[in-house]
Amino acid sequence: MSLKDSLSFPGNLRRIGRGHRDGRIKSMMGRLEISEQGTHTDGLISGSRLRQLGPPGGYKIRFTLLTTVLLHAVIHQTLLTQSGKPSVANMVAYKLSVGTALLSLTVRSLAVPIVSEPTTTFTSTPAFTPPVRPHSNVTDHGPYTGPPPTTTGAKTTDVLAPSIPALPPGPNAFDYPSDGELHAPLPAPYTPSGGVGTNGSAPVYRVLSDFDYESIALALYQEWIELDLFHWGLATFSEEEFEEAGLKAEDRYLLQFMAEQEVGHATLLSNMLGPSAPVQCSYNYPVTNVREYIDFSQKLTRYGEAGVYGFLNHLNAHDVGQMLLQSITTEARQQMIFRQFEGLFPMPEWFEVGIPQSWAWTLLAPYISSCPANQTRLVWQNFPALHILNQPNPARINGSNAWNETTGGYTNTLSTADIEDDEDCINSTEEGVNCSPGITNNRTNPLSYPGRQVFLQWDEPGFPVGPNNSYITSTSANPPVFAAWVSQLNVTYTPLEEIQNNTAWTVQPNMETFAGDPAVNGTIFLVLTDLDLYVTPYNLTQLNPHVYAVGMYQSG
């Protein structure tokens, strides 16, 4: 009986010429040879004996990984049936379930991977695939024009105090010596004592408090708008318009893939919230062309990402936080990609910033036009808008030389309307000036700099915003006297100058997070306050009672 008759592997089997000395297997690019001559010693794949298959006339097998494993085991027993040698029956009888890794054979083996070609020979029953949440790729768009809302304001119940008082650190905050030694028995081998959720209890992945529910619901509102926004851009702007902005077919497919990622994110968060989870709404975006669209998307993903960082470690349900962490890190990549699409330096900071939920909802809600009547409402506050009159414009060669070049709204999205061709950085061919999409760009002229005079204007509270105009902006702060620059690990205050009629100016501060890392860089948050309260990333929400208006600043 021949090898061809005995083994049913996919592919063609042909004779190869004689003359190979040691009868070893030789493989290259998914082809495998078995030679007949010489004394078989161990049936190994020798890394020094790999060569490409020669002229026709040899056993040639195309195989998958499973085929490779089985074939290794069979050949290790015997190669061919010839007089005085083991029979093919021994091949079949060879025990394949010896519990060893069959990709690496015997003591003398050098494990060499065999590259396979695709095959449909082997099939398996697919595992159950969880369904995604029902959704539309693109919903309705435009400002809300419906009837006045029947319910207004944030969701609320009994309020126990006007604010949460600041307290000193907890009683055990400084007890652990932090000296590199172990201070308690190990609950299991290689497992130090301590941690949260480490006692073996099974995770359930459901929210455990009002704080959890409202935070995850906010994140879900964000995922829904991103799903729509990414699809909407592809549906609204033509291929030619994307090409003019320097975005090719591969870039557009990346945008499409990011939209598909949001389906998974929205499904995950919906499943953890249950049947009352918020659903898709209709939206309104402040853009008229591709470059404005990219800038808006870059800013929207920034406050979506930062809004989750702000509450993630405060959740009661740490298992829910773990799942959310593994989705929000994807959004962080999306934000960097939009910066690359915009021709900006992809990550000009050492640390990413986190913000309170009410800031994120303040920035998100104005771009939601309407939601279904039974939509789950949120508890978070909507602050008045802060407009940056000389917001740096990344579309300009000299981006800091801009005045009233935004499309309006909370994100202070760039406008290209007043930029002449010779002032547009995408038209330049000079390195360090051209801002076409790319892996990285390092601008010769920075968008902003320490000491820059920044002119501000802010809205009064009481303005209807959000779904169906049913949320009302509010503040508990006195008239603002400080600008708080919130970036990376820092909150830095600068005084407002010449305050009159809800306008003022301030100076961009000069500080570093650590030596060598300018703290004000990238896409940051600028809020107006009535007090220069000392806060840190973990308790930034303590600033909320003193916040008057919220905006975004394109510092780099």
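For this chain, numbers begin at 1 and follow the sequence in order. Keep in mind that the numbers below use all heavy atoms, side chains included, and drop hydrogens, waters and symmetry copies. Predicted model only: the values in this text are computed from it and were never measured.
Looking only at side-chain heavy atoms (C-beta outward), Tyr309 and Pro537 stay at 4.5 Å or farther from each other. Side-chain contact between Pro356 and Phe311 is absent, with no heavy-atom pair separated by less than 4.5 Å. For the pair Tyr493 and Leu531, the minimum side-chain heavy-atom distance is 4.5 Å or more. Taking the side chain as every heavy atom from C-beta outward, Leu389 and Leu456 never approach each other to under 4.5 Å.
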TODO: Start with the C-alpha gap between Val481 and Leu496, add the side-chain angles, then the distance that decides, and say whether side-chain contact (heavy atoms from CB on, under 4.5 Å) holds.
DONE: CA-CA 5 Å; Val481 292; Leu496 298 180; 5.5 Å; no
TODO: Mind running side-chain contact (heavy atoms from CB on, under 4.5 Å) on Gln554 and Lys299 for me, showing each step along the way?
DONE: CA-CA 9 Å; Gln554 192 65 56; Lys299 290 180 166 68; 2.9 Å; yes
Open item on the list: Run the side-chain contact (heavy atoms from CB on, under 4.5 Å) test on Val547 and Trp359 for me, step by step, so that the C-alpha distance in whole Å, both residues' side-chain angles and the decisive distance to 0.1 Å come before the verdict.
Closed with: CA-CA 10 Å; Val547 171; Trp359 300 15; 4.0 Å; yes
TODO: List the steps and the verdict of side chain to side chain donor-acceptor pair (under 3.5 Å) for Asn502 and Gln457.
DONE: CA-CA 6 Å; Asn502 285 23; Gln457 184 179 38; over 6 Å; no
TODO: Starting from the C-alpha separation in whole Å, work towards a yes-or-no answer on side-chain contact (heavy atoms from CB on, under 4.5 Å) for Phe341 and Ser297.
DONE: CA-CA 10 Å; Phe341 282 177; Ser297 299; over 6 Å; no
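For His314 and Tyr538, the ring centers sit closer than 6.0 Å to each other. Between Tyr553 and Phe525, the gap from one ring centroid to the other reaches at least 6.0 Å. In this structure, Tyr471 has its ring center closer than 6.0 angstrom to the ring center of Trp361. Aromatic ring centroids of His141 and Trp232 lie under 6.0 Å apart. For Tyr410 and Tyr303, the gap between ring centers reaches or exceeds 6.0 Å.
In this structure, Asn478 contributes its side chain and Asp530 its backbone to no donor-acceptor pair below 3.5 Å. Without hydrogens or angle criteria, Asp212 side chain to Asn316 main chain gives a donor-acceptor distance under 3.5 Å. In this structure, the side chain of Ser436 does not engage the main chain of Gly246 through any donor-acceptor pair within 3.5 Å. For the pair Trp224 (side chain) and Pro278 (backbone), a donor-acceptor distance under 3.5 Å is present. Side-chain N or O atoms of Thr267 include one that pairs as donor or acceptor with a backbone N or O of Arg133 at under 3.5 Å. Under the 3.5 Å distance criterion, the side-chain polar atoms of Gln391 are left unmatched by any main-chain donor or acceptor of Ile388. Side chain of Asn490 to main chain of Thr492: no donor-acceptor pair is present (N/O by atom type, distance under 3.5 Å, no hydrogens or angles). When atom types are taken as modelled, the side chain of Thr301 and the backbone of Gln298 share a donor-acceptor pair closer than 3.5 angstrom. A side-chain donor-acceptor contact under 3.5 Å links Arg443 to the backbone of Pro394. Thr473 contributes a side-chain N or O that, together with a main-chain N or O of Gly462, makes up a donor-acceptor pair within less than 3.5 Å.
With hydrogens and angles left out, the side-chain atoms of Arg377 and Ser470 include a donor and acceptor closer than 3.5 Å. Side chains of Thr506 and Thr494: a donor-acceptor N/O pair is present below 3.5 angstrom, by distance only. With no hydrogens or angles considered, a side-chain donor-acceptor pair links Asn539 and Thr536 at under 3.5 Å.
Nearest approach of Ala484 to Thr529, heavy atoms of both residues: CB-CG2, 4.2 Å. Heavy-atom minimum distance, Ile426 versus Cys435: N-SG, 3.4 Å. Across all their heavy atoms, Tyr205 and Val320 have their closest contact at C-CG2, 3.7 Å. Between Thr416 and Glu292, the shortest heavy-atom contact is N-OE2, 3.2 Å. In terms of heavy atoms, Ser136 sits closest to Leu227 at O-CD2, 3.5 Å. Closest non-hydrogen pair, Gly409 versus His387, comes out as O-ND1, 4.1 Å.
Considering Val507, Leu447, Asn390 as possible partners of Arg452, the one that fulfils the side-chain contact (heavy atoms from CB on, under 4.5 Å) test is Asn390. The residue from Tyr367, Phe296, Phe230 that alone fulfils the ring-ring contact (aromatic ring centres under 6.0 Å, His included) condition with Tyr285 is Phe296.
Within a 6.0 Å radius of OH in Tyr176, other residues, nucleotides and ligands contribute more than 12 heavy atoms. Counting heavy-atom neighbours within 6.0 Å of Asn404 CG, excluding the residue itself, gives a total above 12.
From Leu269, atom CG reaches atom CG of Leu220 across 5.5 Å, with rounding to the nearest 0.5 Å. Here the CD atom belonging to Gln381 is positioned 12.0 Å from the CD atom belonging to Gln357, to the nearest 0.5 angstrom. The distance from the OH atom of Tyr283 to the SG atom of Cys371 is 6.5 Å, given to the nearest 0.5 Å. Here the straight-line distance linking atom CD1 of Ile225 with atom CD of Gln280 works out to 11.0 Å at 0.5 Å rounding. Here the CD-CD distance, from Glu262 to Glu331, works out to 6.0 Å after rounding to the nearest 0.5 Å. With values rounded to the nearest 0.5 angstrom, Ile294 atom CD1 is found 12.0 Å from Thr413 atom OG1.
The aromatic rings of Phe455 and Trp505 sit tilted relative to each other, their planes meeting at an angle between 30° and 60°. Ring geometry for Phe338 versus Tyr293: interplanar angle over 60°, hence perpendicular rather than tilted (30 to 60°).
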With a 3.5 Å cut-off and sequence neighbours excluded, list the donor-acceptor pairs that the side chains of residues 250-258 form with protein atoms.
{"unit_1": "Asp251", "atom_1": "OD2", "unit_2": "Lys248", "atom_2": "N", "d": "2.7"}
{"unit_1": "Arg252", "atom_1": "NH1", "unit_2": "Glu243", "atom_2": "OE2", "d": "3.3"}
{"unit_1": "Arg252", "atom_1": "NH1", "unit_2": "Leu247", "atom_2": "O", "d": "3.1"}
{"unit_1": "Gln256", "atom_1": "NE2", "unit_2": "Glu260", "atom_2": "OE2", "d": "3.1"}

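Between Glu405 and Arg396, at least one side-chain N (NZ, or NE/NH1/NH2) sits under 4.0 Å from a carboxylate O, which counts as a salt bridge.
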